[in-house]
Trainee: 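What follows is a structure written as structure tokens; I'll ask about it next.
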Amino acid sequence: MDVKEFLAPSDVFIGIRGTNKTKLLEDLCHRAASALKVDADKIKADILKREELGSTGVGGGVAIPHARIADVKRPFGLLARLKSAIEFDAIDRQPVDLVFLCCCRQSLQVSNSMRLP
């Protein structure tokens, strides 16, 4: 899958302000919902549910929150560069300033080039 199939230039945001992990994820879920024409509360609930399984802060200042969402028809990504890094419970315990939010439909067949738990 090519990146342009799920990440458009209009879905890249620079200088996003986030006071904490939950508020940032809520903001990003609202942005994704607007682009996907899907209920923001549904996206937020699924993203936060996945986050409860373990932080998606992968280290090096990067987080990749993701979820499979019933109403999503196509893979969708949103990239945010934060104005200031925030605590994200990352595996290296370092704050995060680059976040890639990924939403996929529940029935998506994944390949080795795109895996989501």
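Values in this document were obtained by computation on a predicted structure and should not be read as measured data.
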Trainee: Does one hydrophobic cluster hold both L36 and L25, with members joined at side-chain heavy-atom distances below 4.5 Å?
Mentor: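 Linked, L36 and L25 end up in one cluster.
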
Trainee: Quick one: closest heavy-atom pair of C102 and I47, and the distance?
Mentor: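 Smallest interatomic distance, heavy atoms only, reads O-CD1, 4.2 Å.
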
Trainee: For L79, which of L98, L28, V3 qualifies under side-chain contact (heavy atoms from CB on, under 4.5 Å)?
Mentor: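 Passing option: L98.
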
Trainee: Tell me whether L78 shares a hydrophobic cluster with I64, the cluster being built from Ile, Leu, Val, Met, Phe, Trp, Tyr side chains joined at under 4.5 Å.
Mentor: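 L78 and I64: separate clusters.
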
Trainee: Do any side-chain atoms of residues 10-22 form donor-acceptor pairs under 3.5 angstrom with protein atoms, and if so which ones, sequence neighbours left out?
Mentor:
from: N20; atom 1: OD1; to: T22; atom 2: N; distance (Å): 3.1
from: N20; atom 1: OD1; to: K23; atom 2: N; distance (Å): 2.8
from: K21; atom 1: NZ; to: E51; atom 2: OE2; distance (Å): 2.9
from: K21; atom 1: NZ; to: F88; atom 2: O; distance (Å): 3.4

Trainee: Taking atom CG of L48 and atom SG of C29, what is their separation to the nearest 0.5 Å?
Mentor: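 Here the rounded value is 6.5 Å.
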
Trainee: Tell me, please, which residues at least two apart from R74 pass salt bridge (Lys or Arg N to Asp or Glu O under 4.0 Å).
Mentor: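 If we apply the salt bridge (Lys or Arg N to Asp or Glu O under 4.0 Å) test to R74, skipping adjacent residues, there are no hits.
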
Trainee: Atom SG in C103, atom CZ in F6: separation rounded to 0.5 Å?
Mentor: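 These two atoms lie 12.0 Å from each other.
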
Trainee: Show your reasoning for whether salt bridge (Lys or Arg N to Asp or Glu O under 4.0 Å) applies to R81 and D97.
Mentor: CA-CA 6 Å; R81 176 69 174 206; D97 65 350; 3.6 Å; yes

Trainee: Nearest 0.5 Å please: distance from the NZ atom of K37 over to the NZ atom of K73.
Mentor: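 One gets 14.0 Å once the value is rounded to the nearest 0.5 Å.
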
Trainee: For V96 versus A90, what's the shortest heavy-atom pair and its separation?
Mentor: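 What the structure gives for the nearest pair is CG2-CB, 4.4 Å.
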
Trainee: Do R50 and T56 come within less than 4.5 Å of each other through their side chains, counting heavy atoms only?
Mentor: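 Yes. Closest side-chain heavy atoms under 4.5 Å.
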
Trainee: Examine V58 and L7 and state if one hydrophobic cluster contains both, with Ile, Leu, Val, Met, Phe, Trp and Tyr joined whenever side-chain heavy atoms are less than 4.5 Å apart.
Mentor: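 As far as the 4.5 Å side-chain criterion goes, L7 and V58 are connected within one cluster.
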
Trainee: Report yes if the side chains of P95 and I86 come closer than 4.5 Å at any heavy-atom pair, otherwise no.
Mentor: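 A side-chain contact is absent here, since even the closest heavy-atom pair is not under 4.5 Å.
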
Trainee: Under 4.5 Å between side-chain heavy atoms, hopping through other hydrophobics if needed: is there a path connecting V99 to V62?
Mentor: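 In one cluster with V99: V62, no.
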
Trainee: Which pairs with one or both residues in residues 25-35 pass side chain to side chain donor-acceptor pair (under 3.5 Å), sequence neighbours excluded?
Mentor: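 For residues 25-35, and leaving out neighbouring residues, the side chain to side chain donor-acceptor pair (under 3.5 Å) pairs sorted by first residue read D27-R31.
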
